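Keep in mind it's a predicted model, so treat the numbers as computed, not measured. One-based numbering, in listed order, for ligands and for the atoms of each. Just so it is clear, the values below take in all heavy atoms, side chains as well, and ignore hydrogens, waters and symmetry mates.
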Amino acid sequence: MSSLMGQMMRMPLMISSLLLHAARHAGDTEIVSKRVEGDLHRYTYRDAELRARKVAQALARLGCRPGDRVATLAWNGYRHFEIYYGASGSQLVCHTINPRLFPEQIAWIANDATDQVLCFDATFLPLVEKLAPAMSTVKHFVLMTDRAHMPESSKIANLLCYEDLVEAENGDWAWPEFDENTASSICYTSGTTGHPKGAVYSHRSSVLHAYAAALPDAMGCSSADVILPVVPMFHVNAWGLPYSAPLVGAKLVFPGPHLDGKSLHELFESEGVTFSAGVPTVWLGVINHMKAKELKLSTLRRTVIGGSACPPAMMRTLEDEFDVQVIHAWGMTELSPLGTLSKLKAKHQALPLEAKHRLLEKQGRSIYGIDMCIVGNDGRPLPWDGRASGDLLVRGCWVIDGYFGRDDSPLREVDGRQWFPTGDVATIDADGFMQITDRSKDVIKSGGEWISSIDLENIAMAHPAVMEAAAIACPHPKWDERPLLVVVRRPGKELSREEMLAYFEGRIAKWQIPDDVVFIDEIPHTATGKMLKLKLREQFRDHKLPTV
Ligand code: AMP
């Protein structure tokens, strides 16, 4: 007997519907952006929706066809927001590239994604001029500025002006509806071994994530909020805020490239920001500035901190001294990105303050749409008792099931179902609070950005005086982690710390160069010859970096 089917409209979940909803129901709500030039730009959701339609028309006029990739190298701003919607909403794929990567890596990513168009902020003109010849698939380079700010000449032939493209269109165009599983955007992660890998999001996954992220036990967004995403739009879509804000009709404030403590504090205050989100390093800058100048936060009431573990001391400072509730969150590019957020349940309200703090310092509980489990070395699920610690696996509506252009599946089977291994090691307590205790993947996270330990080791090992090298994460008060290079010299060869560090210059982005080098006689190995990083990390846990 066949099942009875529901008789509800099959309305596909389209990213464009979020902006359309905001334009209709919060049409006069503002989007304020600090531009690269330093001035403030203001307009409304109604204006943004019209201009996003014009962007869609302009991209079609440039010859883009469904599925084509439109890349961005841009800060958080209204033009970037328009491309998010104009590209995805017209069945193209918005590919946000992280400009902090090493230039060769940026070109590699653009080629891997076969980007057709690259839109970029003026900040990145010298970078794009250098990389353009290596970006073999990009047909159009678009500078995200107006005619008055276009350079007189550029090494890029036929450099296009964003505002010229938008102004040439009339907006007489309607958002199409298509299969909700169509790709909407791509984000590359370097938080894995080897080359960066692309996570391809769909309209369905992005809209469901936007719903879930806005819930009270998640980010708790509402139309009464003024939201300033500090987390960049090139970092997993600014944790989905450019989608959740229009969904609820909240005012949006974009900080552009001005991410220092002083600029952010000024913007929080002048725009009446109530809610923000960013990595711990950013908040350190804001706190230091406020303390030095004896400033307060008059409207900011809560912030999500994630991307790296939020130090408990930072939570205390923001809550006790600045009256800002900290919501500790965990996520990853492969989850677009939210997985868990730390919010108390009703039964926890009566706990003593200390006990509440201990819970809120954990990475939190999963939101509906994400399921998680921890498994031991034998691959079997471990109990949720807050003590057993194992590999954290997740599954859900916004978890990838493969990487762009790769046939090998990253998924693992547990109890007959497919799960995505996060590379994090965690405990989960009986109330579902997950706490990260370690990381099984071999990468270093500095200020919210990944540094590949393998890249560092490969460079070091190419030096004629190096026999073996291991790059490990060393705790750092500002950057959370910084790379420490542990080196075994070749017998009879001389090599100083300074010579080793100088060897990295020009071979990797400056901020990825290790902070320090230590020389030892032997690196510990497993029986199969793999370096025992865990042991090294323990050995150098208290190593004092010269940058501290
Ligand atoms: P990304 O893909 O760059 O967003 O990085 C995701 C990874 O960052 C996770 O797998 C964790 O290793 C780490 N991470 C994210 N949030 C947290 C957090 N709140 N605490 C500890 N590690 C985190």
Side-chain angles (χ1 to χ4, degrees), residues 96-98 100-101 105 109 185-193 196-201 209 213 218-219 229-241 277-283 303-312 314-315 326-343 359-367 370 372 374 389-394 398-400 403-404 410 419-428 433-453 473 475-476 479-481 512 533 537:
T96 49
I97 306 182
N98 183 347
R100 293 187 181 133
L101 296 174
Q105 219 169 20
I109 288 175
S185 39
I186 303 190
C187 247
Y188 274 70
T189 176
S190 44
T192 51
T193 46
K197 297 187 184 113
V200 186
Y201 311 136
H209 181 277
M219 297 199 183
V230 184
V231 48
M233 290 168 77
F234 55 76
H235 254 186
V236 213
N237 301 330
W239 298 350
L241 285 169
V279 295
T281 305
V282 158
W283 292 105
T303 183
V304 170
I305 301 188
S308 290
C310 178
M314 178 175 284
M315 288 182 136
V326 173
I327 306 162
H328 192 194
W330 169 89
M332 9 181 5
T333 307
E334 288 87 340
L335 275 73
S336 79
L338 287 182
T340 65
L341 296 103
S342 212
K343 286 274 186 85
L359 277 178
L360 293 170
E361 284 160 13
K362 296 188 178 194
Q363 274 72 11
R365 296 183 285 120
S366 64
I367 17 175
I370 296 287
M372 55 184 181
I374 41 172
S389 150
D391 288 328
L392 178 67
L393 312 180
V394 291
W398 52 86
V399 179
I400 63 156
Y403 288 101
F404 178 70
W419 295 78
F420 175 77
T422 64
D424 290 314
V425 177
T427 60
I428 306 177
F433 282 83
M434 183 273 287
Q435 182 163 32
I436 304 273
T437 54
D438 199 1
R439 199 185 287 150
S440 57
K441 51 194 170 193
D442 197 6
V443 276
I444 298 156
K445 204 165 199 190
S446 168
E449 302 274 0
W450 290 114
I451 301 175
S452 158
S453 45
H476 191 282
W479 302 107
D480 190 44
E481 293 176 2
Q512 298 183 330
K533 291 283 187 74
R537 283 215 300 267

Any side-chain heavy-atom pair of W330 and D424 under 4.5 Å: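 SC-SC contact between W330 and D424 confirmed.
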
Below 4.5 Å, heavy atoms only, C-beta onward: do I327 and K343 meet side chain to side chain?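 Touching, per the 4.5 Å side-chain cut-off.
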
N98 versus Q105, side-chain donor and acceptor atoms under 3.5 Å: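 On atom types as modelled, these side chains do not qualify, holding no pair under 3.5 Å.
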
Protein residue, atom and distance nearest to [atom], heavy-atom basis:
{"atom": "atom 20 (N) of ligand 1", "value": "Q363 NE2, 2.9 Å"}
{"atom": "atom 21 (C) of ligand 1", "value": "A309 N, 3.3 Å"}
{"atom": "atom 7 (C) of ligand 1", "value": "W450 CZ2, 3.4 Å"}
{"atom": "atom 8 (O) of ligand 1", "value": "K445 NZ, 3.0 Å"}
{"atom": "atom 14 (N) of ligand 1", "value": "G307 O, 3.3 Å"}
{"atom": "atom 2 (O) of ligand 1", "value": "T333 OG1, 2.6 Å"}
{"atom": "atom 6 (C) of ligand 1", "value": "G331 O, 3.3 Å"}

F433 vs I428, side-chain contact (heavy atoms from CB on, under 4.5 Å): CA-CA, chis, key distance, verdict: CA-CA 5 Å; F433 282 83; I428 306 177; over 6 Å; no

Count the heavy atoms belonging to other residues, nucleotides or ligands that lie under 6.0 Å from CH2 of W479, then report whether that count exceeds 12.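 Atom CH2 in W479 is not crowded, with 12 or fewer foreign heavy atoms closer than 6.0 Å.
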
Tell me if a side-chain donor or acceptor on E481 pairs with a main-chain N or O of P475 at a distance below 3.5 Å.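 No, E481 side chain to P475 backbone: no donor-acceptor pair under 3.5 Å.
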
Judged by atom type as modelled, is there a donor-acceptor pair below 3.5 Å linking the side chain of T189 to the main-chain atoms of K197?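 Side chain of T189 to backbone of K197, a donor-acceptor pair under 3.5 Å: no, none is there.
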
Looking only at heavy atoms, is any part of [X] under 4.0 Å from ligand 1, and if so is it the side chain, the backbone, or both, or is it neither?
{"X": "D424", "value": "side chain"}
{"X": "R439", "value": "side chain"}
{"X": "A329", "value": "backbone"}
{"X": "C310", "value": "neither"}

Atoms in ligand 1 flagged as close to M332, the criterion being non-hydrogen separation under 4.0 Å: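 Near M332, meaning under 4.0 Å from one of its heavy atoms, ligand 1 has 2 (O), 4 (O), 6 (C), 10 (O).
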
Heavy atoms only: give me the nearest W398-I367 pair and the separation to one decimal.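 The pair with the smallest heavy-atom distance is CZ2-CD1, 4.0 Å.
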
Could you establish whether P337 and ligand 1 come within less than 4.0 Å of each other, counting only heavy atoms on the residue side?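 In this structure, P337 fails to qualify as a contact of ligand 1 - no heavy atom is under 4.0 Å.
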
Under a heavy-atom criterion of less than 4.0 Å, does E449 contact ligand 1?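 Contact check E449 vs ligand 1: negative.
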
Among T437, T427, D438, which residue meets the side chain to side chain donor-acceptor pair (under 3.5 Å) test with S389?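 The option that passes is T437.
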
